[in-house]
4 protein chains.
Amino acid sequence: MRKVDHDSRREEVASVASRLIAEKGLEALTTRALAKELGCSIGVLSHYFNSKEEIVMAAFKWADQRIDQRMQNAIAELDEISLDYFIPMITAGLPLDEASDREWRVRFNLYHYCLTKGGKGLKEQIEKISQFRVLMDEFIRTLQKKGEVRRDIDPELITKMAFDMVMGAAQNLLMVPMPERQSHAAYLFAIVEKLRPVKTPTITAVPA
Amino acid sequence: MRKVDHDSRREEVASVASRLIAEKGLEALTTRALAKELGCSIGVLSHYFNSKEEIVMAAFKWADQRIDQRMQNAIAELDEISLDYFIPMITAGLPLDEASDREWRVRFNLYHYCLTKGGKGLKEQIEKISQFRVLMDEFIRTLQKKGEVRRDIDPELITKMAFDMVMGAAQNLLMVPMPERQSHAAYLFAIVEKLRPVKTPTITAVPA
Amino acid sequence: MRKVDHDSRREEVASVASRLIAEKGLEALTTRALAKELGCSIGVLSHYFNSKEEIVMAAFKWADQRIDQRMQNAIAELDEISLDYFIPMITAGLPLDEASDREWRVRFNLYHYCLTKGGKGLKEQIEKISQFRVLMDEFIRTLQKKGEVRRDIDPELITKMAFDMVMGAAQNLLMVPMPERQSHAAYLFAIVEKLRPVKTPTITAVPA
Amino acid sequence: MRKVDHDSRREEVASVASRLIAEKGLEALTTRALAKELGCSIGVLSHYFNSKEEIVMAAFKWADQRIDQRMQNAIAELDEISLDYFIPMITAGLPLDEASDREWRVRFNLYHYCLTKGGKGLKEQIEKISQFRVLMDEFIRTLQKKGEVRRDIDPELITKMAFDMVMGAAQNLLMVPMPERQSHAAYLFAIVEKLRPVKTPTITAVPA
DNA sequence: GATGAATGAGGCTTCATTCAT
DNA sequence: GATGAATGAAGCCTCATTCAT
């Protein structure tokens, strides 16, 4: 069988495993349940993965990357860097529909799995987030240079705030009924707007 | 009858179970491991709990309440409501030491357990958070009336922001090495300060 | 505590144990359930019985003897031996009310327990039934001598038939709804009547 | 796939389980013991049965049907309905050898299991026996029409008697040493003979 | 390559019994 | 004498994994 088939099969397994984790919890991801959901036999899994842990990891990675991809896609068509990136990126990144809801559930499973097991996995996650922080930081600085973001705020503070708010919003949104999520997340846009520099920085006092 | 305080024994079990969840993960909380950690036989657990699920729930509740208690204790000695409540409360509430680190790990297990199982447990969590939001909202409004918080910010926005930031900070802090956590969380204090009304809104421009 | 108290307590335990066996099955007779039903603590049972098997045996014996007693009581007031003994004895012996229903259920448990375990218990049961057969046989012979039972039937045949029919009727009645049991058992009386000698053995052919 | 006939494997399990019940009692039918007796691992049982109760039921059914089959086989070669059916049928039906002894022990376990648990199982047993009674009744009536059975006896009485006697004989035979069983059961044949109409009902008095 | 039967460790729970109080 | 907490074996069941077909 060609490599592409092998890979696409692996992804299919990861995808279904991810859905099982999201819907029933990590402990419900058994080889039996997975094979049943995939419509194949138990033994076939061992052709694509050496152990169950590999499957779990693949499911984690799949969901994690889907969220990242979703965010990248949201700004892919935008041509120039601007503060306007934030809104679609946040919208795309947060669990505001069923698909991203599932992915976030899996991502949290990933986080707590790594936290518990420690080791390489945890290091990878930390590293990944750290790199993302650097990117964000640079992004803010660029926007500040371009005059799209107020210069009197420490970029690092914005970055930290953004990371905590998005993570917390994602967590909290999972417990909010789907119809109310949009409105619940809307306040984030207001905060983004507060980052814009005051248009007429003349004589008047600007409260915030 | 052997002299045993039934409630304190239950709490001891819940406490140890909570520690196991935090350190090894929920799936490592087996009756064998728990009994071993408690230094007693497996059968003894059934004297205090009717099922393992009850133990899990007790462990969840124990850790959850410990965080709440920690925050309440932090402001217990303060005599008058003021914005100064926030700093010690946040400091007490976030996972900035080993004990609260364990409790937050368990709390996240609780959240994701409820999210997966749904049912009454999820409803309870949502209700609890909802009530806390109302309290927070009233708190902000009171501070605004007292002139301790700027009146040009929607209280609801502050509440939402606070909830998401604390939740996200807690999550993110868990992945930060303990020594760096204090400094990582410090930015929150800066944000709290930004809520204070501008002392002298006279001639000078105050950017934010 | 005086012996009479000790004995009456033992009987109470046996009685309640017997009821549990009848209603829920032998495997539902646990020390916990028994103590609960008795309204006493688990430990108290060991004052009266050395092991659970002793309790089971006592329960078996209690129910077994109650059936025997019931039958003896039924003919206690009758002054002279006659075929009329049979009807009240059968009526008293069979599971025609709730109490004797329970006792028979226990008795069958006893039989199958002995059959399985073998040993002394089985020997005792066989011995007991054997003695009863002898009594019955003598009883029939006496009635035949008195002319109350036809002399052309082998007494042993009557005895065997009676033992099998009563045992089988008891077993089958347990599966018949209580209201229908009386009518179901009534045919036995007709058979008893057939044992009576033909009153006028003259010229006419008497088929049977 | 390993070559295994699923149904024959199920029957094998049921058969061995049945033997264990007969020899050691229902409570000795543990998964461990059963697996050991089958010469396989414990886990294999779950391939063929969803629970232990299913195994118990299969064992019950297996033994129950074996008795029925044994009786049917006994009259299979007989070409015409006649009273002569009875003797081989009874002989085949009663526990007169080791195999049918085991099956009857299991059947009694089945009866008392159903009696205790009630529910659908009990209803099924009652229904089965009820249908068998109807068949027997029709059989008797047919024989009466053919002149093979005396017409002065109520068919229903014969049926009831037969059912109780067979059930009781089976029960009592279980407690009789194997060598004596044949002679113990022989009286039943005498009773069957009494059902035959008197050949020459002429002048002579026939007492019975 | 695909199948699913087989394995046996380990999950939770229940049990009769013991014994400190 | 009475209590019920403690014990640990053994109950049933589920699991990831292996391997003959």
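In what follows, every chain begins at residue 1, and chains take the letters A, B, ... in the order their sequences are listed. A quick note: this is a predicted structure, and the numbers were derived from the prediction, not measured.
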Would you indicate, yes or no, if [N] has its OP1 or OP2 atom less than 4.0 angstrom from a side-chain nitrogen or oxygen of [X]?
X      : N       : value
R32(B) : dG11(E) : yes
Y48(D) : dG4(E)  : no
R9(B)  : dA6(F)  : yes

DNA chain F: stems of at least 3 consecutive Watson-Crick or G-U pairs, cut-off 3.5 Å?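 Listed by first number, the stems are E:2-21 with F:2-21.
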Expressed as a whole number of angstroms, how long is the span from [X]:[atom1] to [N]:[atom2]?
X      : N       : atom1 : atom2 : answer
E54(A) : dA16(F) : CD    : P     : 15 Å
E27(D) : dA16(E) : CD    : P     : 12 Å
K36(D) : dG11(F) : NZ    : C1'   : 16 Å
L34(C) : dT14(E) : CG    : C1'   : 16 Å
D5(D)  : dA5(E)  : CG    : C1'   : 13 Å
E12(B) : dA5(F)  : CD    : P     : 15 Å
E53(D) : dC13(F) : CD    : C1'   : 14 Å
I55(C) : dA16(E) : CD1   : P     : 9 Å

Check whether E12(C) reaches the backbone of S8(C) with its side chain - one donor and one acceptor, N or O, closer than 3.5 Å.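 Absent.
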For salt bridge (charged side-chain N to carboxylate O under 4.0 Å, His left out), just list the numbers for E124(B) and K120(B), CA-CA rounded to whole Å, side-chain angles, deciding distance to a tenth of an Å, and then say yes or no. CA-CA 6 Å; E124(B) 278 177 18; K120(B) 196 168 61 75; 3.2 Å; yes
Take L122(B) and L115(B), measure what side-chain contact (heavy atoms from CB on, under 4.5 Å) needs, and give me the verdict at the end. CA-CA 6 Å; L122(B) 179 56; L115(B) 277 170; 4.1 Å; yes
Beyond-backbone contact of [X] with [Y], side-chain heavy atoms, under 4.5 angstrom:
X       : Y       : answer
T116(A) : L26(B)  : no
S51(A)  : M57(A)  : no
D64(B)  : V106(B) : no
H112(B) : R105(A) : no

What residue pairs, at least two apart or across chains, pass salt bridge (charged side-chain N to carboxylate O under 4.0 Å, His left out) with a residue in residues 22-37 of chain B?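 Passing the test, one end in residues 22-37 of chain B: K117(A)-E27(B), R19(B)-E23(B), R19(B)-E37(B).
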Surrounding NZ of K52(C) (heavy atoms of other residues, nucleotides or ligands, distance under 6.0 Å), is the total greater than 12?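 Enclosed.
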Among dT17(E), dC12(F), dA6(E), the one nearest H47(D) by side-chain distance: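 So the nucleotide nearest the side chain must be dA6(E).
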Which nucleotide, dA6(E), dA5(F), dC12(E), lies nearest any side-chain atom of K52(B)?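 Given the options dA6(E), dA5(F), dC12(E), the side chain of K52(B) is closest to dC12(E).
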Output, in order, the C-alpha distance, side-chain angles, deciding distance and verdict of salt bridge (charged side-chain N to carboxylate O under 4.0 Å, His left out) for E127(A) and K123(A). CA-CA 6 Å; E127(A) 180 61 20; K123(A) 207 154 285 177; over 6 Å; no
Have a look at L29(A) and say if it touches a base, only the backbone sugar-phosphate, or nothing, with a 4.0 Å heavy-atom cut-off.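 If one applies the 4.0 Å heavy-atom cut-off, L29(A) turns out to touch the sugar-phosphate alone, with no base involved.
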For T31(C) and T31(B), find the nucleotide of DNA chain E closest to each by heavy atoms; which residue's nucleotide sits nearer the 5' end?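 First, find each residue's nearest nucleotide; the 5'-ward one identifies T31(B).
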With the threshold set at under 4.0 Å for non-hydrogen atoms, list the residues of residues 37-46 of chain D touching DNA chain F in residue-number order.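 Those residues whose heavy atoms fall under 4.0 Å from DNA chain F, taken from residues 37-46 of chain D in numerical order, are I42(D), S46(D).
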